[in-house]
Structures are given as C-alpha cells and as structure tokens.
Amino acid sequence: MPFVSAAEWTPPKSVQVVVIGSGAGGAVAAARLAAAGFEVVVLEEGGHYQKRNFRMREDEAFPQLYQESGTRATKDLGIAILQGRAVGGSTVINWTTSFRTPDLVLDHWQKVHGVQEFGAAELRPHFEAVEARLNIQPIPLEESNRNNRLLWDGCEKLGYSIEVTKRNVKNCFRSGYCGMGCPVDAKQSMLVTYLPEAVEHGATVVYRCRVDRLRTDGDRVVAIECSELSEAGPTGRQLSFAAERVVLAGGAINTPAVLLRSGLGDAFTGRRTFLHPVIATSARFREPVQAFYGAPQSVASHHFAHRGERAGFFLEAAPAHPMMLALAATGFGEAHRSTMVELPQLTAHLAIAIDGFSPEETGGTVELRPSGAPVLDYVLPPRIWEALQEGLRTLVRVDLAAGAEWVQTGHDPALRISSEGALASLEDHPLGPGKVAVFSAHVMGGAMVGEVGRSVVRSGDLRHHRISNLHVCDGSIFPTSLGVNPQETIYGIAHLVSERWTQHWKS
Amino acid sequence: MDRRAFLQRGLVGGAILAASACTLHAWPVQDRYQPQGNLQCLDPRTFVVLASIAARTVQDPVADPVAIAHAVDRTIALSAPEAASELRQLLNLFESGLAGLLLDGRLRPFTRLTPDRQDQVLAAWRDSRLVLRRAGYTALRKLTLAAHYASPTTWEGVGYPGPPELVEG
C-alpha cells in the first residue's frame, strides 16, 4: 500500500525516517533515503489527486490543490499567496519554470548569513542530476505562446535582456493548464517522478494526514502527532507514533508552523519569510492573445534584477483563465466586467520583486492563529514598494512597446495607460497596502539555515540547532529570496543534503 | 484627520460597533437572496449580506448571487476555522447601519440601500484611509468574483473556449 490515506493507515509503533511534506523538498529526500535502504514514511496533509482528476477546471483545481482553496493571504490581506497542498505539493500546480540558484545568491548566503557547504560547486552535480531526472530543458522560443512572445518582443524593442526558460516537462503538448494539475502527466512533478521512485524503494506516502505537533524530550523528537483529514477537514481521529529521524518539508509557512506548534519557537523560527512579491499588468492587443493556452511561462527577463542600491525585480508571464483574471482585475461591477470581457485579447505579465537582500528587508513572520493554523504577517518595506513601482512602470513600457492598445494596472480602481506620455500618471497613484493587487507564488524562508544564534538549522546537514534528530528540507531554509523561481533550488538542496544524510546516518 | 482625532473616532467607533453588534438582529435584512440549502460557515443573515454584495460586485448576465454566496460559504469552510468567524464579523460590519452612520453617514443597513447607494458603500470601503477597510473590501470583492468566475457558466460570456478535449491514447 504505497499511497494510502490516513483513514486507511495504522501507524507502526516507530518509523525509521518520517518525511513531513511531499513537495519539492520532501519527495526528493524520501526517494533518496528510501533508495539508500531507509524505512521511510511520507506524511502529506493534502489529497492524492492524479492525472484523471485534473479536468482543467478552476472550480475543481483550487479547492483540491491549493492551500486554503487558493484564498491564502498575508495577515492584512495585502498579498494573495498561491501555494500547493496535495501529494506532490506545489510541484503539482507550479508553472514548471526551472532555474539553478544564481551563484551571487549562494555567495550572499555564505558572506552575509554564514551559510557553509551550500556553494555553487557543491550544488552543481546535484542540479545536473535533477535536471536529467526531471527532463529540465530550455523551451524553443517558437514554442512560446503569444502572451510570452509579447513580453519577449517588448523587452527586445526596449533593449532589455530576456531569455527562454527551462521547464520540467516531457512530451508536453502545451495545453496551458500547469496550474490546475497536468492532465497528461507531461509535467515532471513530484507526483510522477520522485514520489513513485520512493514508493518503489519501499516508502509509504500517507495523505490527508496533517502533522499537528512534534513531541520532544530534551534534544530529541520522540513522537509525531497527526490528525486524520477528510476532504472536508479533520475527522477527529488522532495518530501518534515515534520516529528515529524527522525530515520537515512542509514548505515555507507550514514548516515554521509545525515548529511553532511544537513549542520550538524562538527569535528565528517563522522570521525572514520572503515572497517575491508580484505586481501584474493586463495589456489589450487587437489580435487575440489567448493567455489561457500554451506553456504558461517560457521567457524571463532579469535585466532589472540588479539595480545597485535598490531592490531588483524580474519579469515573467502568467496564465490567464477566467478566475485568475477575475482575481487579478481590480474594481467591481461594470468596471470589473469591462476587463473580464476582454480576456481573449489580454496579456498577463508580472514584475517580481526580489526581497531579502538588504538589512531593511527583514521579511514576514509566521504566526499561529488560535486554532494552530498559520498566518504570515508581512508588511512590505519601502524598498520593495519602490521595486514594485518601478517594475510596474517597466511592464507598462514593455507592453506598449510590444504594441498594446492599452495597459491596465492592478490599482483599484484600475488605471488604463495607452501611451508613453500617459506613463507619468503612475506617479499620481502611489502603491501601498490594499491600494494595488499584489500576489506571491514563491514562499521562502521562515526556518533559515546559518550560524547558531542567528538561524533555525545548521549548515551542512540542515539539522535543527537544538533538536538532534530533526532536519528541515524545503524552501523555508532560504535566508533570502532567490531572484529566480525556486523549485530547482529546492530540488538541488534536497538532493545534496539527502546524500549527506545517507552517509552520516549509515555510520 | 490627525492621529488624535482618529484615535477618538476609533474609540467612539469601537463603542458604536459593539452596540451595533447587539442591535443588529433587531434590523430585518432584505428578503431577497435567501440561502437554498445548508450553510457551512455563514448564518442566514450574513448569507444575505454576502449575496447582496455579490449582486453589486459581479456584473455578468449569468451571475446568480445566491449561487455565488453558497460557493463562498463552501470555500471558507475549507479554510482555517478563524476565517469563517472573521467573514461573519466583516459581513455584519458591512451591513450595520450604526457602523455605516459612523463611517459613511448612512443609517440604513447595506441590504436595504438602493443599488447605487450600495455601490457608493463599496467605493467608500475601497477608498478608505483605513487599511482594514480596504482589506475588507478586497476580501469581499475577491471572494465573490472568484467564486463566480470559477464556474464554467461564465466561460462563454468572457470569450473563453474552455479546456481542450483530451483523446485517450
């Protein structure tokens, strides 16, 4: 019984290795540890949905596959957060964009945050391995959909550097539904790669099983306490069992939440959570764009990733299906409807701020609500608002250069800009919380790696500083954001650290 | 408004909001938009308020405010338990005549205003100096619009042909 729901599962008295979370970090770790001969149980709070369940409908996909049905947001509701919740985690719903961690970021972690043993040279063979396993390859520009192509064209006209991205797909027919679960298993998500591999080597994946807390005694986790879930929520049945070692990989927000619920909170746990805050434009073109079809993301511009003293940003495209556009389009009533009816003619372009690289950018803090559910408190600092403002200006210019009739912003009410001359009107509408739509699809940090007294887990093996049999293995260990889409960084770090565990734990 | 005035208004506002929460149930809400079936998070009263808001935020010939409010009710049921009580509080505040008097100079509950006045209330929340009111507006706007446009019934009207047919093999 390799994939089993908590309702059908009777835990053994003790498990050798428990991996909490089945996304990019947990799945890779589980596969590598199982292949090395460890007895592995993976716990996943989401459901086990597969190809046949992925019917390319937003009304089904969001409740099934997203945290809080897609309504997750920061505490003041200022930033909407898209994060996965299913067997395979966010890899089931991400848009497949794959980047290695920039060397500059790894150097910054080492110099500023004291991170050791995660340098570019150490990670390189692991990136190569996951790229081969997940078929991570660049997409030819000719295979870009028009939404991505227009971003490319606009950047070229203005002389901004732009590149095609790599994607983790195999035999992809570019339907455009990556965000609702791949209907043909073309996306090489954890669901169809490392998790089946873990299971082949004897691992058990228990889904609809939420970890409430880790019970500790001295410097060890002695029990994992879980709730059995149904589609509707907790059933009331509790499960508790022991584990020799625990790998926590619930993803940023949920991983620090488990630590906080376990009484392991300190001055670092849940802190420094970063989001790559996103601001979007919708530009109208005379010829149909159909941003709902085709590979959702296939180009990226990092031309503005390094802006000296100011925070950087990068540009990418997003898919636009009706509900997604309804969330991105601001206003209400007729104003909102006037955007919706333009759907086939609209682009969806993003400016993504790179947060966490200056002392002022301390990120958000994960807190627990009375029920134990986490919420992220993140009020963006002025540097990030400036990056978003400049990112928005840049996107409007790019869209106009590509030939847009008008470009609509995420202000509420929205601004429609139809000429370079009208760009100045942006200055009259400063951004701020609740004044403009801001999103995030990249949640990072909250259990950062680094030196004792400054972080949650240590360098090298990502072991918790105080708990000797607890390790963290997901995007929550990042001391900053990345400036690129995070999935491949998580794969690479998980691949590297699980090799180290295999060596240490065997001896 | 300076900080002192804001604080005073905040204190007075708190007292009025507390009073309005007590007196709220004395006001009958609109008869329209009654729930059709079981509710998971909302009570019948807040359901009607939410459906009345949906009737203004969602301008689509195929929109059904009752169906939208039921869809939001189901969505919130899958979130943290706190989300349901926060949504009910927000809807009660939105409806409240006393809160409306304090914040927008209206005494009538939201559900009993004309459509034009209802739009003015939504705009007042949107344009408020208070981040909390802007957040409340955003939450209600997004919940109702997302619940509506998630439905395949909306596809034709926005020119979305829907997903491709997959052929086995």
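Protein chains get the first letters and strands the later ones, always in sequence-line order, with residue 1 at the start of each.
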S.K.: Could you give the distance from NZ (A/Lys435) to CZ (B/Arg134), rounded to the nearest 0.5 Å?
M.R.: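 With rounding to 0.5 Å, NZ (A/Lys435) is 5.0 Å from CZ (B/Arg134).
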S.K.: Does a side-chain heavy-atom distance below 4.5 Å link A/Pro413 with B/Arg126?
M.R.: yes
S.K.: Which pair of non-hydrogen atoms, one from B/Pro61 and one from A/Arg337, has the smallest distance, and what is that distance?
M.R.: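 That closest heavy-atom pairing would be CD-NH2, 4.0 Å.
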S.K.: Compare every heavy atom of B/Val158 with every heavy atom of A/Pro322, then report the nearest pair and how far apart it is.
M.R.: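 Here A/Pro322 and B/Val158 meet closest at CG-CG2, 4.2 Å.
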S.K.: Determine the minimum heavy-atom distance between B/Gly162 and A/Tyr293, stating which atoms define it.
M.R.: O-OH, 2.6 Å
S.K.: So which residues of residues 35-42 of chain B are in contact with chain A at a heavy-atom cut-off of under 4.5 Å?
M.R.: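 Heavy-atom contacts from residues 35-42 of chain B to chain A are absent.
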S.K.: Please find the pair of heavy atoms, one from A/Pro344 and one from B/Gly159, that lie closest to each other, and give the distance.
M.R.: CG-O, 3.3 Å
S.K.: I'd like to verify something: which residue of A/Pro433, A/Ser371, A/Ala373 has the highest number of heavy-atom pairs under 4.5 Å with chain B?
M.R.: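 Of the options given, most contacts go to A/Ser371.
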S.K.: Distance from B/Asp127 atom CG to A/Asp412 atom CG, nearest 0.5 Å?
M.R.: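 Rounded to the nearest 0.5 Å, the CG-CG separation comes to 8.0 Å.
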S.K.: Sub-4.5 Å heavy-atom contacts with chain B: which residues of residues 323-335 of chain A show up?
M.R.: A/Met323, A/Ala326, A/Leu327, A/Ala329, A/Thr330, A/Gly331, A/Phe332, A/Gly333, A/Glu334
S.K.: Considering heavy atoms only, which positions within residues 135-148 of chain B lie below 4.5 Å of chain A?
M.R.: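 Result: B/Ala135, B/Tyr137, B/Ala139, B/Arg141, B/Lys142, B/Leu143, B/Leu145, B/Ala146.
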S.K.: How about A/Asn171: does its CG atom have over 12 heavy atoms from other parts shown lying under 6.0 Å from it?
M.R.: no
S.K.: Counting only non-hydrogen atoms closer than 4.5 Å, can you tell me which residues of residues 80-89 of chain B sit against chain A?
M.R.: B/Ala80, B/Pro81, B/Glu82, B/Ala83, B/Glu86
S.K.: Please report the interatomic distance CD1(B/Ile76) to CD(A/Glu68), rounded to the nearest 0.5 Å.
M.R.: 9.0 Å
S.K.: Quick one: does A/Arg57's side chain have a donor or acceptor within less than 3.5 Å of a partner on B/Pro152's backbone?
M.R.: no
S.K.: Is A/Arg55 close to chain B through its backbone or its side chain, or both, or neither, when contacts mean heavy atoms under 4.5 Å?
M.R.: backbone
S.K.: Hey, are the side chains of A/Phe173 and B/Leu166 touching, using non-hydrogen atoms and a 4.5 Å cut-off?
M.R.: yes
S.K.: Can you tell me which portion of A/Val184 sits under 4.5 Å from chain B's heavy atoms? Options are side chain, backbone, both or neither.
M.R.: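 Side chain of A/Val184 only, per the 4.5 Å heavy-atom cut-off to chain B.
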S.K.: Against chain A, work out which of B/Leu122, B/Thr154, B/Thr75, B/Leu132 has the most heavy-atom pairs shorter than 4.5 Å and name it.
M.R.: B/Leu122
S.K.: Could you tell me which non-hydrogen atom of B/Ser79 sits nearest to which non-hydrogen atom of A/Thr71, and how far apart they are?
M.R.: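 Of all heavy-atom pairs spanning B/Ser79 and A/Thr71, the closest is OG-OG1, 3.6 Å.
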S.K.: By a 4.5 Å heavy-atom criterion (distance strictly below it), what part of A/Glu60 contacts chain B: side chain, backbone, both, or neither?
M.R.: neither
S.K.: May I ask you to decide if the ring planes of A/Phe292 and B/Tyr160 are parallel, tilted or perpendicular, using 30° and 60° as cut-offs?
M.R.: perpendicular
